[in-house]
Colleague: 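Just dropping this structure here.
Whatever order the structure lists them in is the order used to number ligands and atoms, beginning at 1. Residue numbers count from 1 along this sequence.
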Amino acid sequence: MAGKWKSEELEPGKVLETTFFRNPVGDSPYPFRATHLDGRRAPKVVLSDDPRIRPGVPTQVRIVAVHKPERSDRGWIQIEYVAARELQLDGIYLDPMVTRKLQVLLESGLNILLDGPQGSGKTTMVRAIARTLGMDFVFFNCAAVLDATDFMATIQVRASDSGAPVTDFVSTDLRNALLAAVAAPARRFLVFLDELNRCPESARNALMPALDATRRIFDPVTNQFVSIPDNIQFVAAVNRGRQFSGTFGIDAAQLDRFAPLQVDYLPITAEVDLLQKRHPDVPKASVKRVVEIAARLRKSEELGAGLSVRATQEVCVYLQHPLMEKADDGMLAELLKSSFCGRFSGRWDDATSDAGVAWRIIEQALAEQAKKRK
Ligand SMILES: Nc1ncnc2c1ncn2[C@@H]1O[C@H](COP(=O)(O)OP(=O)(O)OP(=O)(O)O)[C@@H](O)[C@H]1O
Ligand SMILES: [Mg+2]
């Protein structure tokens, strides 16, 4: 099977898998180029301008024609797009259904709203998928927005040469991305609006025309409305942890401009695998105990918030340190007290607070784990 395809083997209609990359010939009418088909070298380059192609993502194609088969120095292979294979990302767990939906939504250009608890991997997942799809990832923290114009520019005050104060507009990453997208229509930008629920309602309302068919936003720098080009796509994230429920202020009209997608914590086995890969020196049994206790806290109806994957990572950081090499149950309890209970409101020794409830659940879980090992 190995080796190079012969032109005559590539009959029209044959379906094969290939991975396209951006065509290094900048002014070519075909922005995508591949060199292999089903893992074997193609006799000529495979070229396409199909906008559904994502650089770096394995794609099924159907052969249409081999142009100039007789020439060894010229010609090209024309294909038809069939489908993209599902994404697989190294070091990142992706829920198969969430990934499938996310890929469809990204390909269709719809705005997406990721709704998931604190530290469940929303930012990690979107950043990784954007990279795989060859999109530029632009991170924008909506929690820092006070005023509608803050999406596009912030005002900085500085001293002029004469010492008098002057104000300057500083373009935000969102505005920079809009300008870059207009200048480079072949590039695709994924603008990640993090913590969209944490900016004031009025500012969010001003963003709405940017998210519907109007696709316009007011630019305070030029004092004009600007159009948002098609190669900009928005993905917003909201954190609907129970303690935020009162402030989850996104109303129905705003929500309706997004395709909502629910994200949850990783399954226990996936989180154990992930942490084990990142902290290979920590015994698997210890990682499992930590993740199982985290899962109990996340499930608890009594607690007002989730528990981030950052918390289980942090415990592994402790456990892999030589100082903690001989961590016994008492030591593990102390680590969970700071890394887990410390993320809830109140104190571990105040049974009426969330931290106190978490501590009770942790103690109980540790006792059960100890009993099982006997
Ligand atoms: N599915 C996952 N695959 C790989 N790493 C993950 C995953 N989920 C979480 N993590 C790890 O957990 C940490 C928190 O993830 P991330 O910041 O993406 O969560 P988030 O949902 O965006 O959090 P927040 O709600 O605070 O914005 C990251 O350091 C990441 O390494
Ligand atoms: Mg995030």
Colleague: Give me the one residue out of Arg310, Gln313, Glu314 that meets side-chain hydrogen bond (donor to acceptor under 3.5 Å, both in side chains) with Ser339.
Modeller: Glu314

Colleague: Applying a 4.0 Å heavy-atom criterion (strictly less than), which segment of Arg278 is in contact with ligand 1: side chain, backbone, both, or neither?
Modeller: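 Only the side chain of Arg278 comes within reach of ligand 1.
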
Colleague: Does Arg360 come within less than 4.0 Å of Glu363, counting only side-chain N to carboxylate O?
Modeller: no

Colleague: Does Thr124 bring an N, O or S atom to under 2.8 Å of the Mg ion (ligand 2)?
Modeller: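 No - counting backbone and side chain alike, Thr124 has no N, O or S atom under 2.8 Å.
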
Colleague: Salt bridge check: are Asp73 and Arg71 linked by an N-O gap of less than 4.0 Å?
Modeller: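 A salt bridge links Asp73 with Arg71.
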
Colleague: Given Gly119, Ala311, Pro117, which has its nearest heavy atom closest to atom 23 (O) of ligand 1?
Modeller: Gly119

Colleague: Please determine if Arg188 and Asp136 form a salt bridge, counting it only when a charged side-chain N lies under 4.0 Å from a carboxylate O.
Modeller: no

Colleague: Provide, to 0.1 Å, the distance between atom 1 (N) of ligand 1 and the closest protein heavy atom, together with that atom's residue and name.
Modeller: Tyr93 O, 2.9 Å

Colleague: Salt-bridge test for Lys337 and Glu334: reply yes if a basic N is under 4.0 Å from a carboxylate O, no otherwise.
Modeller: yes

Colleague: Tell me if the centroids of the rings in Phe140 and Phe151 come within less than 6.0 Å of each other.
Modeller: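 Yes, they do, as the ring centres are separated by less than 6.0 Å.
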
Colleague: For Arg289, is there an ion pair with Asp329 - N to carboxylate O distance below 4.0 angstrom?
Modeller: yes

Colleague: Counting both backbone and side chain atoms, is some N or O of Arg310 under 3.5 Å from an N or O of ligand 1?
Modeller: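 The answer is yes, given that Arg310 and ligand 1 share an N or O pair closer than 3.5 Å.
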
Colleague: Could you list the atoms of ligand 1 found under 4.0 angstrom from a heavy atom of Thr124?
Modeller: 15 (O), 16 (P), 18 (O), 28 (C), 30 (C)

Colleague: What I want to find out is whether Lys122 reaches Glu195 closely enough, with some N-O distance under 4.0 Å, to be called a salt bridge.
Modeller: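 Answer for the salt bridge query: no.
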
Colleague: In the protein, what heavy atom is nearest to atom 22 (O) of ligand 1, and what distance, to one decimal place, separates them?
Modeller: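 Minimum-distance protein heavy atom for atom 22 (O) of ligand 1 reads Thr123 OG1, 2.7 Å.
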
Colleague: Tell me, please, which residues at least two apart from His67 pass ring pair (Phe, Tyr, Trp, His ring centres under 6.0 Å).
Modeller: Trp76

Colleague: For atom 7 (C) of ligand 1, what is the nearest protein heavy atom, given as residue, atom name and distance?
Modeller: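 Result for atom 7 (C) of ligand 1: Leu266 CD1, 3.8 Å.
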
Colleague: Tell me whether Gln118 has any N or O atom under 3.5 angstrom from an N or O of ligand 1.
Modeller: no

Colleague: Got the closest protein heavy atom to atom 20 (P) of ligand 1, with its distance?
Modeller: Lys122 N, 3.5 Å

Colleague: Record the part of Leu94 in heavy-atom contact with ligand 1 below 4.0 Å; permitted values are side chain, backbone, both and neither.
Modeller: neither

Colleague: Centres of the Phe32 and Phe21 rings: under 6.0 Å?
Modeller: no

Colleague: Need the ligand 1 atom indices (1-based, order shown) with element for anything under 4.0 Å from a heavy-atom of Val309.
Modeller: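 Those of ligand 1 that fall under 4.0 Å from Val309 are 9 (C), 10 (N), 11 (C), 12 (O).
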
Colleague: Can you check which of Gly121, Ala128, Gly91 brings a heavy atom nearest to atom 8 (N) of ligand 1?
Modeller: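 Checking each option, the heavy atom nearest atom 8 (N) of ligand 1 is found in Gly121.
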
Colleague: Look at atom 29 (O) of ligand 1 and say which protein heavy atom is nearest, naming residue and atom and giving the distance to 0.1 Å.
Modeller: Gln313 NE2, 3.4 Å

Colleague: Any idea which atoms of ligand 1 are less than 4.0 Å away from a heavy-atom of Ile92?
Modeller: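 Near Ile92, the atoms of ligand 1 are 3 (N), 4 (C).
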
Colleague: Tell me, which protein residue and heavy-atom name are nearest atom 6 (C) of ligand 1, and how many Å apart are they?
Modeller: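 I find the closest protein heavy atom is Leu274 CD2, 3.9 Å.
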
